[in-house]
Amino acid sequence: MKNSDTSSVVKSETKRNPWLWIPTLYFAEGIPYVAVMTLSVIMYKRLGISNTDIALYTGWLYLPWVIKPFWSPFVDLLKTKRWWTVAMQFVMAIGFAAIALFIPASLFFRLTLAAFWLVALTSATHDIAADGFYMHGLNTHQQSLYVGIRSTFYRVATVVGQGLLVILAGLIETNTGLEPAKVEIKASQENITIVDISEKNQSAPYFSFCAAEEISSLEEVKAANIENGFMLAETSPKQGVVKAATASEEGSFTRWIRETFGEKNRGTSTSAADRTFAVAVRLSEKPQDGQSQVLNVSFKEGDQSIKLEQNKLPARFEFNASNWDKCAYLLFYADKNLREDTSAVFEGVSGNIPMAWLLVFAVLSIFFLITAIYHTWTLPRPASDRASKEVTARNIFKEFLLTFKSFFSKKGVVPAILFMLLYRLPEAQLVKLINPFMLDPQDIGGLGLTTGQVGFVYGTVGILGLTIGGILGGLVAAKDGLKKWLWPMVCAITLPDLVYVFLSYAQSASLLMVNICIFIEQFGYGFGFTAYMLYLIYFSEGEHKTSHYAICTGFMALGMMLPGMMAGWLQETIGYRHFFLWAMICCLVTFIVCAFIKIDPQFGKKESK
């Protein structure tokens with residue numbers, strides 16, 4: 001009887017078609033999450049931060065989503081869910097504007113992290129309100145019917161964020177810099193030849209390469225770059241160049257992991273017998289005061305027996321008014337086992353990377369301002385969405401205790417919590433490294449794609465696969481119930497991760513191959529994530545469903561946060577190939593936790609009249 005009463009209330013009070021607000025509401029819920037968790041990763045990668053520091057510092061940004069259950073009772077008691085939803089969207093517009101303003105600052109890393117924290121905190125509060133509003137605005141069957149639409153538009157937001165917005169950043173990067181600089185390195189058993197093959201426009205500044213005969217070791221290159229102002233003696237994240245630990249500085253545990261599970265003969269590790277040689281690069285003209293030209297050098301094509309050192313030395317240089325007339329140095333290795341003449345081409349790409357990302361976050365700020373204005377009109381006003389009439393400190397504290405007590409008293413709470421924490425264990429580790437994997441050059445295990453290409457992959461077939469998978473998942477769950485489709489959805493969200501194992505071993509930079517793989521993975525994610533979202537709704541049902549759902553998503557965020565924080569260290573220790581194999585092993589954990597949860601076979605099905 002309770003469900004039928006709720007149905008009648010929703011029907012009589014909801015004046016707006018759900019299609020008018022569910023897609024925009026969950027698109028707006030997904031955008032700040034992808035901005036904090038994914039766009040920040042790509043931006044910091046382009047600005048020179050290491051994988052280890054990216055995963056660690058951005059991993060901490062999960063914390064607001066982990067602890068949001070502690071203030072969910074306030075959202076339940078103060079104002080309405082509708083008010084909180086719209087208000088937080090206005091605040092997020094301010095937060096994204098702050099990120100845009102801080103990017104050009106000298107302390108950009110610290111300042112933008114602080115602004116990301118503001119967006120993360122506001123976004124977590126917005127999640128509480130929006131998810132609670134969804135349950136107030138729809139009856140049980142509608143919740144199942146629209147969960148596919150809800151999760152699809154949430155994931156569409158993540159794909160648009162790491163697709164269209166990254167394409168935008170890539171286009172700005174490409175069209176604001178100097179012409180790409182290219183150097184061909186020819187190696188034989190006797191000689192190493194350096195040939196600058198750049199197409200230079202003499203009417204504009206350009207970069208040029210030449211051999212550095214007097215420098216031939218890592219220590220000499222490092223000393224020269226420090227002396228010429230391209231590298232600090234003690235580097236830090238705020239300068240965008242992060243010091244990588246040498247083998248002697250590694251802890252014993254890290255060294256054991258690397259030696260036991262790490263890839264052999266990968267990256268820029270060399271033996272003493274390998275030939276080392278340096279290449280100098282310089283800028284032809286002085287930049288204007290207060291401006292700089294940034295050059296990122298990576299492998300382009302050819303024989304990977306010729307490697308660029310990128311682990312212990314930066315391959316990103318910033319030329320400014322004080323050092324433009326000096327040389328920056330790169331260190332290369334030629335395989336000691338070369339038996340015939342070979343060559344490789346390396347490319348240096350410049351561009352106004354800070355300006356590109358400033359514009360991206362300015363666009364996000366404007367988007368949230370427009371979205372907040374739109375939702376003030378389009379969100380319905382269900383009668384059940386109301387604030388408490390007796391809001392006192394004592395009542396809030398009492399509600400807080402009752403909320404947590406009732407949640408942890410639910411039947412089957414232990415397997416449910418394990419499910420919330422571990423269902424996404426493979427994804428929690430993969431999500432931090434997928435974009436660095438695609439952006440990193442092939443000679444250190446990546447695919448060597450450009451920023452724009454990564455955006456294209458996720459913004460085209462990625463979004464198509466996600467949309468089809470998400471909608472299909474919602475439809476079959478609404479028809480037959482969650483219980484029947486649980487195991488197919490578990491397989492869908494885990495097994496497609498094999499595409500990253502394939503890509504890491506094939507190292508195919510073919511956009512066709514990459515697009516096929518991403519379509520498979522995104523379709524599986526869209527279909528399989530439906531089971532996760534529906535189970536959270538199912539376990540949250542009851543008197544405190546808004547707060548209980550917030551607690552569930554807090555466990556979900558914790559399950560994403562902790563594995564994600566160590567993912568960067570693990571990948572840099574064992575390499576991309578073995579890291580993706582490890583992620584596939586973790587899929588077994590997902591299968592195990594799903595075996596212990598209990599679901600009502602009728603949950604999600606349409607009630608018979």
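When a residue number appears, it is its place in the shown sequence, counting from 1.
- Ring pair Tyr535/Tyr538 is tilted by interplanar angle, where 30° to 60° counts as tilted.
- Ring to ring, Tyr26 and Tyr134 are close: their centroids are under 6.0 angstrom apart.
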ring-ring contact (aromatic ring centres under 6.0 Å, His included) for Tyr57 and Phe109? Distances and angles first, verdict last.
CA-CA 10 Å; Tyr57 289 108; Phe109 189 69; 5.4 Å; yes
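- At a threshold of 4.5 Å between non-hydrogen side-chain atoms, the residues His375 and Arg82 do not count as touching.
- Between the side chain of Thr530 and the backbone N or O of Gly526, at least one donor-acceptor pair lies under 3.5 Å.
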For a quick test of your reading: what N or O donor-acceptor pairs under 3.5 Å do the side chains of residues 589-599 make, sequence neighbours left out?
{"residue": "Thr590", "atom": "OG1", "partner": "Tyr423", "partner atom": "O", "Å": "3.1"}

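- Checked against the 6.0 Å centroid criterion, the rings of Phe539 and Phe407 qualify as a close aromatic pair.
- Side-chain contact between Leu359 and Val363 is absent, with no heavy atoms from C-beta onward closer than 4.5 Å.
- Ring geometry, Phe108 versus Tyr44: the interplanar angle falls from 30° to 60°, so the pair is classed tilted.
- Within a 6.0 Å sphere centred on CH2 of Trp582, other residues, nucleotides and ligands contribute 12 heavy atoms or fewer.
- If you take OG1 on Thr85 and CG on Asp131, they are separated by 9.0 Å, rounding to the nearest 0.5 Å.
- Counting all heavy atoms, side chain and backbone alike, Ala120 lies closest to Trp65 at CB-CZ3, 3.6 Å.
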Might you work through the side chain to side chain contact (heavy atoms under 4.5 Å, CB included) test for Trp117 and Leu63, ending with a clear yes or no?
CA-CA 9 Å; Trp117 267 94; Leu63 190 59; 3.7 Å; yes
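- Atom CD1 of residue Ile257 and atom NE2 of residue His578 lie 13.0 Å apart, to the nearest 0.5 angstrom.
- A side-chain N or O of His126 and one of Gln89 form a donor-acceptor pair less than 3.5 Å apart.
- Residues Ile103 and Pro354 come closest through the heavy atom pair CG2-O, 3.4 Å.
- Using cut-offs of 30° and 60° for the angle between ring planes, the Tyr154 and Phe529 rings count as parallel.
- Looking at heavy atoms from C-beta onward, Leu495 lies out of side-chain contact with Cys587 at the 4.5 angstrom threshold.
- Side-chain N/O atoms of Tyr576 and Asp440 include a donor and acceptor closer than 3.5 Å.
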Assess whether side chain to side chain contact (heavy atoms under 4.5 Å, CB included) is satisfied between Leu581 and Met584, documenting all intermediate values.
CA-CA 5 Å; Leu581 287 172; Met584 287 307 305; 5.7 Å; no
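- Among all heavy-atom pairs drawn from Cys552 and Ser540, the shortest one is SG-OG, 3.6 Å.
- The nearest pair of heavy atoms linking His548 to Thr403 is NE2-O, 3.1 Å.
- Using a 4.5 Å heavy-atom cutoff, the side chains of Thr112 and Phe361 are not in contact.
- Heavy-atom minimum distance, Ala35 versus Leu364: CB-CD1, 4.1 Å.
- At least one donor-acceptor pair under 3.5 Å links the side chain of Thr494 to the backbone N or O of Val490.
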Might you work through the ring-ring contact (aromatic ring centres under 6.0 Å, His included) test for Phe116 and Phe102, ending with a clear yes or no?
CA-CA 11 Å; Phe116 275 122; Phe102 289 149; over 10 Å; no
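- In this structure a side-chain-to-backbone donor-acceptor pair under 3.5 Å is missing from Arg424 to Ala557.
- Rounded to the nearest 0.5 Å, atoms CZ (Phe419) and CG (Leu536) are 7.0 Å apart.
- Between Val431 and Ala428, the closest heavy-atom pair is CG1-O, 3.6 Å.
- Residues Tyr62 and Leu562 have side chains not in contact (no heavy-atom distance under 4.5 Å, counting atoms from C-beta outward).
- For the atom pair CG (Leu61) and CE (Met565), the distance works out to 10.0 Å, reported to the nearest 0.5 Å.
- Counting heavy atoms from C-beta on, the side chains of Trp485 and Phe527 come closer than 4.5 Å.
- In this structure, the side chain of Tyr532 engages the main chain of Met420 through a donor-acceptor pair within 3.5 Å.
- Between Glu29 atom CD and Ser123 atom OG the span is 7.0 Å, to the nearest 0.5 Å.
- Under the 30°/60° scheme for interplanar angles, the aromatic rings of Phe153 and Trp19 are found to stand perpendicular.
- Looking at heavy atoms from C-beta onward, Phe580 lies out of side-chain contact with Asp497 at the 4.5 angstrom threshold.
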Show your working on side chain to side chain contact (heavy atoms under 4.5 Å, CB included) between Asp600 and Glu541 and close with a plain yes or no.
CA-CA 12 Å; Asp600 183 349; Glu541 286 296 317; over 6 Å; no
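- The closest side-chain heavy-atom distance from Leu39 to Val166 is below 4.5 Å.
- With rounding to the nearest 0.5 angstrom, the CE atom of Met43 is 7.5 Å from the CH2 atom of Trp357.
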Any chance you could lay out the side chain to side chain contact (heavy atoms under 4.5 Å, CB included) test for Arg381 and Thr80, step after step, and finish with the verdict?
CA-CA 9 Å; Arg381 301 176 186 271; Thr80 64; over 6 Å; no
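- Annotation for Trp60: atom CH2 does not count as buried by contact number, only 12 or fewer foreign heavy atoms lying within 6.0 Å.
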